[in-house]
Amino acid sequence: MITKPKGCHDLLGQEAKKWKYVDKVIDDLMEKYNYNYARTPIFEASELFHRGVGETTDIVTKETYDFKDRGDRNITLRPEGTAGIVRSYVENKLYGEPGPVKLYYNGTMYRYERPQSGRDREFTQFGVEVLGSDDPMVDAEVISIPVLLFKMLGLKGIKVKINSLGDKESRDNYREALVKYFTPKIDKLCEDCNERLNKNPLRILDCKVDKDSDILKKAPKTLDYLNEASKERFEKVKEFLDELEIEYEVDTNLVRGLDYYNHTVFEIEAEVEGFGSNNVLGGGGRYNGLVETLDGPETACMGFATGLGRLIQALDLEKVEWPIYDDVELFVMYVSDTEKKYSASLVQYLRANGFRVDTEYTGRGLKAQFKQADRLKAKYLIILNDEDLKNDEVKIKNNKTKEEELVPIDYLLYYLDEHLSEEDYELDEHECHCHDEEHTCCGNHHEEGHHCHCHEGE
Ligand code: HAM
């Protein structure tokens, strides 16, 4: 038997429904924020990630899936989404449009990591990128997206951590301070850190080997090296976060593992019992300068990405109620082959009219069809037999109460609408499931057309 590669998953059954539900909430939310969906290739020229993500990052030095294609080109499976979006922004000259360009993506990424809980080799990221604005308001807006998303999905235990790396001048000063600090201590750190010292000392701070060492903990802090303009900018970002009532903690050790960041960086941790050590649900920051590195014009940018696997794991641990169907509304069954053709067209008709319908495909007898209907948790059974059809009627059975009725075919849709809507249908709209008494996630807009399920006013 051929098995799936390490660190990859098959997505099946109820698990797959959870993912599709999260996708839908993301799409709805992005529509509200007016961010456009963007899809870039899963593989790109290797050079894009070397130049974009950074030659000295763990991602590029240790984790990329690289290969030569049949045309002898160096290709890499994308380890993250930002570099591809920036490449596309430059290649398609999106900077020509009045900015900012606000994009989102939701797709698979590939990193050759040691597989463990929350760390896969193939994983899915939802991310956003705003290209063409240096306004601190954008930084706060981008941070607000995962905060609101997580809340809408019902996740309560999150912690937002922010920091600032400052502009180029501040980063250069900081770099100098790090080299000075680490040089006399470097032989106590791992081999990779020794290499990082001169190439990119900032990377020492996110070393996975030495992460708990006191030397790292006592290292100089970015905030002490910010120049006035960078300090002022960071203050403004915090003011906007306060304005949006987003709680955060300033974490001066936060530097992130990719090279393109400057000014604001942030991460959101899951504070959920039972969650493993890979508890960072998402992170991002400002990357003014990356567009130029990838041959575009000077462009200020800000973005973030979240790993959907970790997010769904956190939601499961918090035991959120998933608003997903595990049943069908109708199961159409037939007494003999005589009714089979009619059953096919009836199923088609009912589906086209918006019902969730299944039927019998394997030639089972009536008794086995009843069993199959139970397995599928059908709410109503439509039992076709020739006699009834001759009278333009069908037999409908409520699978719970076991009550049966003969219903004229002309009246069928009306009957089903009537009877199925009596059931508790909370799943038809998915816009807000926070059940939060203060309605902080939806702003308590209960006007017509807003499908909030917070149950206020019930
Ligand atoms: P990142 O921190 O490398 O940032 O990844 C973002 C999120 O992707 C992580 O917080 C985590 O939830 C998830 N993730 C990363 N690696 C794995 C893995 N091996 N298995 C499962 N989940 C994983 C970025 O990728 C940046 N591009 C974010 C960004 C966008 N910054 C600006 N714009």
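Both counts, for ligands and for their atoms, begin at 1 and track the order of listing.
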Which of the atoms in ligand 1, numbered in the order shown and given with their element, are less than 4.0 Å from a heavy-atom of Arg111? 1 (P), 3 (O), 5 (O), 15 (C), 16 (N), 25 (O)
I'd like to check the salt bridge (charged side-chain N to carboxylate O under 4.0 Å, His left out) partners of Lys221; sequence neighbours left out, ordered by chain and number.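 Counting only residues at least two positions away or on another chain, Lys221 forms no salt bridge (charged side-chain N to carboxylate O under 4.0 Å, His left out).
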Ligand 1 versus [X], non-hydrogen atoms closer than 4.0 Å: side chain, backbone, both, neither?
X      : answer
Tyr287 : side chain
Glu129 : side chain
Arg310 : side chain

Measure the distance from atom 4 (O) of ligand 1 to every protein heavy atom, then report the residue, atom name and distance (to 0.1 Å) of the closest one. Arg256 NH2, 2.9 Å
For Thr82 and ligand 1, does the shortest N/O to N/O distance drop below 3.5 Å? yes
Ligand 1 N/O within reach of Leu258 N/O, cut-off under 3.5 Å: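 No, Leu258 has no N/O under 3.5 Å of an N/O on ligand 1.
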Distance only, no hydrogens: is a donor on one side chain within 3.5 Å (strictly under) of an acceptor on the other, for [X] and [Y]?
X      : Y      : answer
Glu141 : Tyr33  : no
Tyr248 : Asp242 : yes
Asn200 : Thr56  : yes

What residues form a ring-ring contact (aromatic ring centres under 6.0 Å, His included) with Phe240, not counting sequence neighbours?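 None.
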